[in-house]
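First the structure, in the form of structure tokens, and then the observations on it.
Lettering follows sequence order; numbering is per chain, from 1.
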Amino acid sequence: MDTQPLSAIRPADLSEPFYYLHNARTLLNWVMQVHPDLLLTDEHQQLKQLLSLPDEAQALLFRMVMRKGEWFRSDQLNYAEIPQPTESLNQLAQAGLIDYSAHCDAKTLSSLCRKHELLQVCQSLWPEQSLDSKLRKRDLQVLLPAYDLPAQPLADWWPQAPFTLLRLSCMPLMDRMRLMFFGNLHQDWSEFVLTELGHQRYEPVSMDTHNRAFSQRSEVDLYLQLHQLRQKLEDGNELEPLHALLPAACPTDWLENRRQKLAFALGHAVERSGDLTTALALYRDNPHREARIRYLRLMEKSATAEATCLAAEEALDQVSQPEARIRIQRIQQRSAKKSGRPIKPQSKTAIPQLELTLEPSDSLRVETLVIDDLQTQGWRAWHVENQLFTGLFALLFWPALYAPVKGAFFHPFQSGPADLYHPDFVLKRQPLIDAGFRQLADGQYRTAILQTLEQKRGTRCSLIHWPTLETTLVEQVLACIPAEHLSAIFRHLLLDLRHHRRGMPDLICLSPAHNSYQLIEVKGPNDRLQDHQRLWMEFFIDQGITATLCQVRFQT
DNA sequence: AAGGGCATTG
DNA sequence: TTCACACCCTCCG
DNA sequence: GAGGGTGTGTCTCAATGCCCTTGC
Ligand SMILES: [Mn+2]
Ligand SMILES: [Mn+2]
């Protein structure tokens, strides 16, 4: 068994035939060392047993774990480094890690068999029926489950089958280990090899054993439960039983957030199915932004205007996000008007508009057409949307983003700190954040940004889309945009990274010759400014930054 | 026979 | 296997 | 104008090979 020090989670050398096994064991060992108290005795036992099997058997197991699904055919397990797969399988079965005699349902079987095999299965099940071999496999895959036969061993489906089937019974444990390692279920075992191959790069951050994604087993359980629930929701299961499966409040903020998000999604589905009462129940007391708004919208439709108006007022007392406030205020406006006591609408900041009439194009996006048009007027325009300012922000504050803050990093494949969107993100890195703004003040920010750009290009970062950040773009931007503007923009970003990283204008237009720039949001004939886009435009105008809304009409 | 879709691989 | 954005529809005053 | 739903592109690695479909 590998007993590497904790600091050495390193992908295995690819010249090693068992490289993937080494990677898998690195993951398992890390979890066993960092989370021993979150594993049941039974699970410890299972892992110990697995790790005491011969390498070939372990390797075969992980070959399957890393492949799709949990069902496998014995004839599709041929690997050069595993010369006796049958023997390995027997050892795995002995250890209870795989199930040889599991009952297989029609759907599973039909996806495991090839078309000509599927025909044979049907023939052997219903010898009297003659099936046209011109049927498409898709049709057979519908046909077989339609008979509603119970799950049964392969031998009962197809006695003459030229292979056997097996199911990984350790999959729940493997998923749990993966979850405890990554802190999520969307990253998988391939992270290791992709990193070793150089297809992806992560910023190294020093970690100690205190850094772990979960502190209690119940948290892991809750994550898994929420994940399964979301899965069922997406699969279109009956909504009623799902509602009953929603766990009560979660012990940690991030899990509670996930729970509320799911409650909202569930509520939304229920609402669309027509059950407004359940929807209201799921939205009520849900601090999730969309939930609050849906709640008020439902009130607006079903309750009195007075009650809605009051509820909206109440919500406004609790909500500070500008975007949410705007939408709540609209509801308040409408209800107030409806109840006969209209509120004077807030005066909106006027946004400079530019009307352009262009030739329509079926291959080019409207933004590109505007860029071309601006070029004839001496502007060099780039379609950057959110990526420019969030990118510059990340480049300047790179040391803060990847500071080894407690709890922010717990495995080597993170594209950003776990608390990136938490309200106290800044507080936990105050000195480094201050340092970034100091560089903006003393002029060092340009070299800092350009250096990080070259040094880190390609390194995964939650705030950076590298292809957008061409060096010439960044150089010109740094030449044209004054530091005070960048400073104001970055401070605004930091107010609410999650929400403020959205809604920035489509184009930045640079005129290096005149050291000037402007921002342009392009709107085609069928598009309008969204709330968060308007908020950014207002912000820029407040700051004295030129921002224009460009309305495009098409020549007929 | 050709090409799309996909799973697998390092 | 998301997320941000654009596009398209309906309804309303 | 506003709310709502849906579609689209995406930096979710690139190369390979199997299976299936379609067309000749
Ligand atoms: Mn845009
Ligand atoms: Mn636009």
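Atom CZ of Arg258(A) sits about 3.5 Å away from atom OH of Tyr223(A), to the nearest 0.5 Å. If you take CG on Leu262(A) and CZ on Arg259(A), they are separated by 9.0 Å, rounding to the nearest 0.5 Å. Rounded to the nearest 0.5 angstrom, Thr26(A) OG1 and Trp189(A) CH2 are separated by 10.5 Å. A distance of 4.0 Å separates CZ in Phe393(A) from CG in Leu494(A), rounded to the nearest 0.5 Å. Atom NZ of Lys523(A) is separated from atom CD of Glu367(A) by 8.5 Å, given to the nearest 0.5 angstrom. To the nearest 0.5 Å, atom CG of residue Leu463(A) and atom CD of residue Gln387(A) are 11.0 Å apart.
The distance between atom CZ of Arg457(A) and atom C1' of dC11(D), rounded to the nearest whole Å, is 13 Å. Rounded to whole Å, the distance from CG on Asp188(A) to C1' on dA7(B) is 13 Å. Atom pair Leu296(A):CG and dA2(D):P shows a separation of 17 Å (rounding to whole Å applied). Across the protein-nucleic acid pair, Arg73(A) atom CZ and dA7(B) atom P stand 15 Å apart, rounded to whole Å. Between Glu81(A) atom CD and dG10(B) atom P there is a gap of 7 Å when expressed in whole angstrom units. The interatomic distance linking Glu290(A) (CD) with dG5(D) (C1') rounds to 14 Å, in whole Å.
Within 4.0 Å of Arg294(A), counting heavy atoms only, lie sugar-phosphate atoms of the nucleic acid but no base atom. The residue His499(A) sits apart from the nucleic acid: no heavy atom pair falls under 4.0 Å.
Residue Tyr20(A) places none of its side-chain N or O atoms closer than 4.0 Å to OP1 or OP2 of dG10(B). At dA15(D), none of the side-chain N or O atoms of His199(A) fall inside 4.0 Å of OP1 or OP2 (strictly under the cut-off). Between dT9(B) and Tyr79(A), a contact under 4.0 Å exists linking OP1 or OP2 to a side-chain N or O.
Annotation: cation-pi pair Arg284(A)/Tyr295(A) absent, no NZ/CZ under 6.0 Å from the ring centroid and within 45° of its normal.
No more than 12 heavy-atom neighbours from other residues, nucleotides or ligands sit within 6.0 angstrom of CZ on Arg341(A). Counting non-hydrogen atoms of neighbouring residues, nucleotides and ligands closer than 6.0 angstrom, the NZ atom of Lys261(A) reaches no more than 12 such neighbours.
Closest to the side chain of Pro467(A), from the set dG4(D), dT8(B), dC11(D), is dC11(D). The nucleotide whose nearest atom lies closest to any side-chain atom of Arg63(A) is, among dG4(D), dG5(D), dT9(B), dT9(B).
Both Arg272(A) and Arg460(A) lie close to DNA chain D; mapped to their nearest nucleotides by heavy-atom distance, the more 5′-ward contact belongs to Arg272(A).
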Check: Along nucleotides 2-11 of chain C, 5' to 3', which nucleotides get a B, which get an S, and which get a -, given that the test is a protein heavy-atom distance under 4.0 Å?
Finding: SSSSSSS---

Item checked: Contact state string [nucleotides 19-24 of chain D, B base, S sugar-phosphate only, - no protein heavy atom under 4.0 Å] -> SSSS--

Notebook entry, point to check: Can you check side chain to side chain contact (heavy atoms under 4.5 Å, CB included) on His383(A) and Thr368(A), steps first, answer last?
Noted result: CA-CA 8 Å; His383(A) 188 193; Thr368(A) 313; 5.6 Å; no

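For the residue pair Gln329(A) / Gln333(A), no side-chain donor-acceptor distance below 3.5 Å is found, with atom types taken as modelled.
Between dT10(D) and dA14(D), the two P atoms lie 14 Å apart (nearest whole Å). Taking atom P in both dG9(D) and dG5(B), one finds a spacing of 15 Å when rounded to whole Å. Here, dG3(D) and dT2(C) have their C1' atoms 23 Å apart, quoted to the whole Å.
When each of Phe413(A), Tyr402(A), Phe409(A) is tested with Tyr202(A) by the rule ring-ring contact (aromatic ring centres under 6.0 Å, His included), just one qualifies, namely Phe413(A). For the salt bridge (Lys or Arg N to Asp or Glu O under 4.0 Å) with Glu323(A), the qualifying choice from Arg498(A), Arg534(A), Arg289(A) is Arg289(A), the only one to do so.
Nucleotide dT10(D) is matched to nothing when pairs are restricted to Watson-Crick or G-U wobble geometry with both distances under 3.5 angstrom.
Of the residues in residues 329-343 of chain A, those with a non-hydrogen atom less than 4.0 angstrom from any atom of DNA chain D are Arg330(A), Arg334(A).
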